[in-house]
Amino acid sequence: MELDARLLQASSFGAAAVAYAEHRPDYAPAAVRWALEPVPGPRVLDLGAGTGKLTATLVALGADVIAVEPDPAMLTELRRALPAVRALPGSAEAIPLPDASVDAVLAGNALHWFDMAVAGPEIARVLTPGGILAGLWNVMDDRVDWVAGLERVSGSAAIGPRDTLSSWRAATAGLHLPDIGLVAQFGSPEQAEFPHGQRRTADSLVATIATRAGVLVMPEQEREVALGRIRAFLASRPETTSGEFTLPMLTGVLRVRQL
C-alpha cells in the first residue's frame, strides 16, 4: 500500500468511533492467552487500542493493562467503556511510556498500520528483555461457503487478505519487520489461530463491514453501492436472511520475542 493511502486509511477510524465500538468484535480469549504465554511478567501495553476491544479481553484475563491510542474519538470511546484502565494518547511511533516498562505489547487489528522502521525500536524500547510483541486479527472463516461468497461480493477494500483464514498468515507474517536494510528488533515469528464467532444480523454485519478502513475512505456513492451489494447478498442466503446468526471467525495471532 502506498504511504499516503495507508496514512489516510489509518486515520479514518475516528469518524466511525461510535459504530466501531458498537459493531467490531472482541478477541478470542484463547488467542490472547496464547499471545501472552511466554511473557515474562503481567504488564501489557495494548498499542493502537482503538475503542478497547482487545483491552477488555486483556482486563478479563487479569492482565495489568495500559492502552495507547492516537485517535481522540477512539480514545474517548475506550475511556467510556473501560474507565478503570489507564488510557493514554500516543502512537506506535511515539509511545508515551518509559524504557522497559511493559512485558508485552499487543496490537489488535492495528500492527499493519505501524511504521515499523520507527515503531520497531520504540516497541523494543518499552519492552522488558525477552518481552513479546503480538499482533491479533479477527479473520472470517472462508472455509464456510457463504463466507467465501461474502468475500467475493464485498471486494478487497471491505474484506482483504488480512481478513480471511485462507490468507491472513501470508499477509501478516512479516509485519513485525522494518523496511529492508534496517536491523530487525524481533526474533522469528510464530502464528496460530483460534476459533471465534460473533452474533450478527444482516444489518449489523453490514454495519460492521462499514467500519473497515477501505470502506470508510470510499467516496460516499461508491460506499453505498458496495454496502448495497453486500446487503443484497446477505438477503439471498438462507444462513443470513432472517434473524441472528453467528459469523464464523477465528482470531489469528502473530507472536515474536524481542531480541
Side-chain angles (χ1 to χ4, degrees), residues 20-21 24-69 78 81-87 92 95 97 100-114 119 123-124 126-141 143 162-176 185-200 208 246-259:
Y20 195 107
R24 282 294 184 106
D26 60 5
Y27 293 85
V32 181
R33 282 193 292 268
W34 185 83
L36 296 176
E37 218 171 47
V39 167
R43 298 168 299 172
V44 181
L45 167 60
D46 183 0
L47 187 57
T51 62
K53 296 293 182 177
L54 177 57
T55 315
T57 306
L58 286 163
V59 169
L61 292 175
D64 177 10
V65 191
I66 299 171
V68 168
E69 166 57 37
L78 190 158
L82 299 164
V85 171
R86 184 184 176 200
I95 301 172
L97 295 177
S101 56
V102 295
D103 302 296
V105 174
L106 269 59
N109 273 79
L111 188 62
H112 51 275
W113 300 125
F114 300 169
I123 293 168
V126 301
L127 279 172
T128 54
I132 293 295
L133 167 65
L136 296 90
W137 292 268
N138 280 317
V139 300
M140 296 185 185
D141 190 347
R143 296 172 298 186
R162 288 187 306 270
D163 301 322
T164 59
L165 176 62
S166 63
S167 56
W168 84 270
R169 285 184 175 233
T172 64
L175 288 180
H176 60 294
Q185 304 289 324
F186 304 99
S188 299
E190 301 172 89
Q191 290 173 296
E193 59 267 325
F194 300 83
H196 199 26
Q198 185 187 26
R199 294 296 288 172
R200 295 283 79 186
T208 305
T246 297
L247 173 63
M249 299 192 310
L250 301 98
T251 298
V253 188
L254 168 73
R255 183 176 75 183
V256 292
R257 186 185 293 275
Q258 183 189 21
L259 294 173

Give the table of side-chain donor-acceptor pairs shorter than 3.5 Å for residues 61-69, with sequence neighbours excluded, one pair per line with atom names and distance.
residue	atom	partner	partner atom	Å
Glu69	OE1	Ala49	N	3.3
Glu69	OE1	Gly50	N	2.7
Glu69	OE2	Asp71	N	2.9

* Summary of side chain to side chain donor-acceptor pair (under 3.5 Å) pairs that have at least one residue in residues 249-259, sequence neighbours excluded -> Asn138-Thr251, Glu190-Arg255
* Heavy-atom check, side chain of Leu127 versus side chain of Phe186, under 4.5 Å ->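 With C-beta onward as the side chain, the pair touches.
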* pair Arg200-Thr208: side-chain heavy atoms closer than 4.5 Å ->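 Answer yes - side chains close enough.
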Which atom pair, heavy atoms only, marks the closest approach of [X] to [Y]?
{"X": "Pro25", "Y": "Met249", "value": "CB-CE, 3.8 Å"}
{"X": "Ala87", "Y": "Leu78", "value": "CB-CD2, 3.7 Å"}
{"X": "Arg169", "Y": "Gln191", "value": "O-NE2, 3.0 Å"}
{"X": "Pro189", "Y": "Ala173", "value": "CG-O, 3.9 Å"}
{"X": "Ala119", "Y": "Phe114", "value": "CB-CB, 4.0 Å"}
{"X": "Gly52", "Y": "Leu82", "value": "O-CD1, 3.7 Å"}

Let me confirm one number: the [atom1]-[atom2] distance from [X] to [Y], rounded to the nearest 0.5 Å.
{"X": "Ile123", "Y": "Leu45", "atom1": "CD1", "atom2": "CG", "answer": "8.0 Å"}
{"X": "Thr164", "Y": "Arg143", "atom1": "OG1", "atom2": "CZ", "answer": "11.5 Å"}
{"X": "Thr172", "Y": "Leu254", "atom1": "OG1", "atom2": "CG", "answer": "5.5 Å"}
{"X": "Asn109", "Y": "Tyr20", "atom1": "CG", "atom2": "OH", "answer": "5.5 Å"}
{"X": "Leu250", "Y": "Met140", "atom1": "CG", "atom2": "CE", "answer": "12.0 Å"}
{"X": "Leu54", "Y": "Leu136", "atom1": "CG", "atom2": "CG", "answer": "6.0 Å"}

Tell me whether [X] contacts the main-chain N or O of [Y] through its side chain, where contact means a donor paired with an acceptor under 3.5 Å.
{"X": "Arg162", "Y": "Trp137", "answer": "no"}
{"X": "Lys53", "Y": "Arg24", "answer": "yes"}
{"X": "Gln185", "Y": "Ala124", "answer": "no"}

* Side chains of Asp26 and Thr57: do they bring a donor and an acceptor to under 3.5 Å? -> no
Exercise answer: donor-acceptor pairs, residues 28-44 side-chain atoms, under 3.5 Å, sequence neighbours excluded:
residue	atom	partner	partner atom	Å
Arg43	NE	Asp103	OD2	3.2
Arg43	NH1	Ser101	O	3.2
Arg43	NH2	Asp103	OD1	3.4

